[in-house]
Number of protein chains: 2
Amino acid sequence: MNAKAPTLKDIAEEVGVTPMTVSKALRGMPGVKASTRAKVLAVAERLNYRVNVQASSLKSGRSGIIRIMVNEYRLPFYAQLIDALSDEVRRNGLTPFLQKTGYSAESAAEAMRSPYFSGSMFDGTIAHASGVTEAGILKSGNPTVLLDDCAANPAVSTVNWPNEMGARAGVQHLIDRGCRNIGIVTVCPYMDVEDLLRDHVSNDPVRLRGARSALIDNGLPYDPEHVIRVTGLNEPQGIDAAHRLADTHAGFDGYLCMNDSLALGLIRGFADRGVRVPDDVRVIGFDGIVAGAYSVPTLSTVSVDLDQLAQIAVGQLLRQINDPDGDWRPTATTVGFALIARESTR
Amino acid sequence: MNAKAPTLKDIAEEVGVTPMTVSKALRGMPGVKASTRAKVLAVAERLNYRVNVQASSLKSGRSGIIRIMVNEYRLPFYAQLIDALSDEVRRNGLTPFLQKTGYSAESAAEAMRSPYFSGSMFDGTIAHASGVTEAGILKSGNPTVLLDDCAANPAVSTVNWPNEMGARAGVQHLIDRGCRNIGIVTVCPYMDVEDLLRDHVSNDPVRLRGARSALIDNGLPYDPEHVIRVTGLNEPQGIDAAHRLADTHAGFDGYLCMNDSLALGLIRGFADRGVRVPDDVRVIGFDGIVAGAYSVPTLSTVSVDLDQLAQIAVGQLLRQINDPDGDWRPTATTVGFALIARESTR
DNA sequence: GTGAAAGCGCTAACAA
DNA sequence: TTGTTAGCGCTTTCAC
């Protein structure tokens, strides 16, 4: 270890003022003579002074740190999401703190309870993680924005994916490309019309609802066999599904997958069985991960602009943080999408 | 916002002891009667008490936070790396803090200088980022472990990828599969034997050296035309390279790419030109990202066990942190690899 | 425009 | 086994 880091006091002594004046000068507050400020800045520079965040936030109650909570880092979707959110947080002069919960509700609860969320470790949280409940957030009383929480009447601000419209557009695209027997690959079980018309709190049922409406509107079948259920959102589950579908000669000519990794897995699984995409069956994904632009075949997808989403989410959060008296109302925003047609639906 | 978070004092008043006793009880320190501790824990639980990390570390000089610094989050290689490192840090009871520098040396320098690295915000840093220099680290005086810094005689502990041996094995694998005219796809410009025999401070030249030795040992050509230079490590650069190679009828029958994303890009670029992998040319990558197991074709690669790497890196860092008097010596570890043969070199 | 006083919540060191 | 003292480095408040 080096010598102790320089403090306000060190600078103050050199300049010949009090620590208070140095603090004001460094933070650019009014009420400091220009010449004094210049001297302070010079000495701070020379001593390589950095404010001690712990002390600063202990007193001020603000850390400038925004927590970004997600299920995992490796799924390309999440890698892109944390990237976009981190950049946006920094663009606002704040520091992003990433945390992952591994899809576990206990882990999420633990993260909310952890010492790092007490006191003033974080000024706020943006979460896209299983088990982060409204109740928990309200209890904590901390500024929070939920991503894709899809609750009908949220008590917490949310920014949502275009689940219904996006899935609808994806299926319509398959139909436009000539598909007449379309399978929906999802973690959500088959749901009948009544179920689907109800509101749901996770995105998959909402996406399924969108897919269904496109099928019905085009006079195409929607029944239990058309919903292919998988147990997770990564490639392996897509591969398994493809193997099952090929082995049972399912006979679909197009598939909408609830995310791109599933879709890439489906394509890979079909390749194992000699089923060619798009020659034999067509496949479209959801999210618009970059890998879909480089796969063989390239992947058609319902693409969401994560930069725009991040901007809205951080904006909402800052509004909460900066509102002194909690005099804001929760908002629910749904972002737009673009249908990207690539080789997998050609 | 809710009512103010409970403090040690609140608990102390309820239990009828001093904050000091509460502090000891909560931290499990000796010298507290079992019955007192029980009472304290009960009240802490009921009040939903969480220690204030800022205050705690302001006083103790330890934050329990380990910084993980990388160039980016989205490249699958980095997504897997931060995942493994985060898990390992948590396994040791510490909190990971992720930071990205975007390959920019200024950004890295800024990150090292930032307020969050002064005082006691981080207990230590593990870095795999361009521009994190030994000099900067030594100047900061903070415990640090560098990943893949490949300096010959490091003043800072490093954990390195098996660059030379891995690249050598990759090329040997291509040779074993019948390749006789092998191209090396790398960001490093062609370097003659003398250049390559010198020590270098980034991994690409070292990998190139390993590739070269395999070629030479097998009596195969190694000259400027065999080194295909790209300007980055992502898929697009691989695609560009493939287009160039196909358009100029380069005539190679096998390629070693310096990472898997380049290799996947190469395969995609060849697909654009009707060049089939592995039928027409064979391709092997480096790192062992999971996407390589799900691509079409699946990707052969020199795979590195990131969990093992993370374990070593965190272990080294903890040794530095826990050594009170800096009485440790920097170490340089090289982790092992496994050659995974998949469809792309069949 | 500058400074003095006070204390954020916690813990190391020592006293009782 | 428990308590007292003191202070980490900073910022808020208010006096000058």
Side-chain angles (χ1 to χ4, degrees), chain A residues 1 3-41 43-44 47-65 115-123 324, chain B residues 1 3-41 44 47-65 115-121 123 324:
Chain A
M1 278 289 181
K4 220 172 49 56
T7 69
L8 284 187
K9 212 172 121 207
D10 298 324
I11 300 177
E13 279 168 10
E14 282 226 23
V15 177
V17 292
T18 60
M20 194 57 247
T21 306
V22 176
S23 173
K24 278 191 203 151
L26 289 175
R27 284 181 296 149
M29 299 192 69
V32 180
K33 206 175 14 170
S35 62
T36 310
R37 185 188 308 271
K39 267 189 270 179
V40 166
L41 291 176
V43 174
L47 295 184
N48 200 25
Y49 171 83
R50 307 294 152 200
V51 67
N52 180 320
V53 207
Q54 332 266 346
S56 158
S57 64
L58 177 58
K59 183 67 190 179
S60 69
R62 282 280 184 94
S63 66
I65 302 178
Y116 294 94
F117 200 36
S118 83
S120 47
M121 182 73 207
F122 306 122
D123 289 348
Chain B
M1 278 287 179
K4 219 172 50 58
T7 69
L8 284 187
K9 213 171 122 209
D10 298 326
I11 300 177
E13 279 169 7
E14 282 226 23
V15 177
V17 290
T18 59
M20 196 59 243
T21 303
V22 176
S23 173
K24 280 191 202 153
L26 288 176
R27 285 181 296 150
M29 298 193 68
V32 180
K33 203 169 29 168
S35 61
T36 311
R37 185 187 310 269
K39 265 188 271 179
V40 167
L41 292 176
L47 295 184
N48 201 26
Y49 171 82
R50 306 295 152 200
V51 68
N52 181 321
V53 206
Q54 332 266 347
S56 159
S57 65
L58 177 58
K59 182 65 190 176
S60 68
R62 282 281 184 93
S63 65
I65 302 177
Y116 294 95
F117 200 36
S118 82
S120 48
M121 182 75 208
D123 290 347

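A quick note: this is a predicted structure, and the numbers were derived from the prediction, not measured. Below, read A as the first sequence line, B as the second, and so on, with proteins coming before strands; counting in each chain starts at 1.
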Margin query: How many whole angstroms separate atom CG of A:Leu58 from atom C1' of D:dC8?
Written below: 9 Å
Note to self: On the nucleotide C:dT2, are OP1 or OP2 found under 4.0 Å from the side-chain N or O atoms that A:Thr36 carries?
What the structure shows: yes
Next item on the list: Could you state the atom-to-atom distance from CZ of B:Arg50 to P of C:dG9 in whole Å?
Entry: 17 Å
Next item on the list: Return the 5'-most residue of the pair A:Arg37, B:Thr7 with respect to DNA chain C, ranking by each residue's nearest nucleotide.
Entry: A:Arg37
Note to self: With heavy-atom distances below 4.5 Å as the criterion, would you say the side chains of B:Ile65 and A:Met121 are in contact?
What the structure shows: yes
Next item on the list: Nearest whole angstrom, please: distance from the P of D:dC10 to the CG of A:Leu8.
Entry: 4 Å
Next item on the list: Report yes if a donor N or O on one partner sits less than 3.5 Å from an acceptor N or O on the other, where the partners are the side chain of A:Lys59 and the base of C:dG9; otherwise report no.
Entry: no
Margin query: Check this one for me: any side-chain N or O of A:Thr18 less than 4.0 Å away from OP1 or OP2 of C:dG3?
Written below: yes
Notebook entry, point to check: Once you round it to whole Å, what is the distance between C1' of D:dC8 and CZ of B:Arg62?
Noted result: 16 Å
Checklist line | Spacing between A:Lys24 atom NZ and D:dT12 atom P, to the nearest angstrom | finding: 11 Å
Item checked: Interatomic distance, A:Met20 CE vs D:dC16 C1' [rounded to whole Å] -> 15 Å
Notebook entry, point to check: Looking only at side-chain N and O atoms, does A:Ser56 come under 4.0 Å of OP1 or OP2 in D:dG9?
Noted result: no
Notebook entry, point to check: Does the side chain of B:Leu8 come within less than 4.5 Å of B:Tyr49's, by heavy atoms?
Noted result: yes
Margin query: Pick the closest DNA chain D nucleotide for B:Ser60 and for B:Val17 by heavy atoms, then say which residue is nearer the 5' end.
Written below: B:Val17
Margin query: Check this one for me: any side-chain N or O of A:Ser23 less than 4.0 Å away from OP1 or OP2 of D:dC10?
Written below: no
Notebook entry, point to check: Do B:Leu47 and B:Glu14 come within less than 4.5 Å of each other through their side chains, counting heavy atoms only?
Noted result: yes
Next item on the list: Would you tell me if any nitrogen or oxygen in the side chain of A:Tyr49 comes within less than 4.0 Å of OP1 or OP2 on D:dG9?
Entry: no
Next item on the list: Looking only at side-chain atoms of B:Thr21, point me to the closest of C:dT2, D:dT2, D:dT11.
Entry: D:dT2
Next item on the list: Hey, which sits more toward the 5' end of DNA chain C by its nearest nucleotide, A:Pro30 or A:Ala55?
Entry: A:Pro30
Checklist line | Between CG on residue A:Asn52 and OG on residue B:Ser57, distance to nearest 0.5 Å | finding: 7.5 Å
Checklist line | Contact summary for B:Leu26 and B:Ala44, nearest pair of heavy atoms | finding: CD2-CB, 3.9 Å
Check: For A:Gln54 and D:dG9, what is the distance between atoms CD and P respectively, to the nearest whole Å?
Finding: 11 Å
Notebook entry, point to check: Once you round it to whole Å, what is the distance between P of D:dT1 and CE of B:Met29?
Noted result: 13 Å
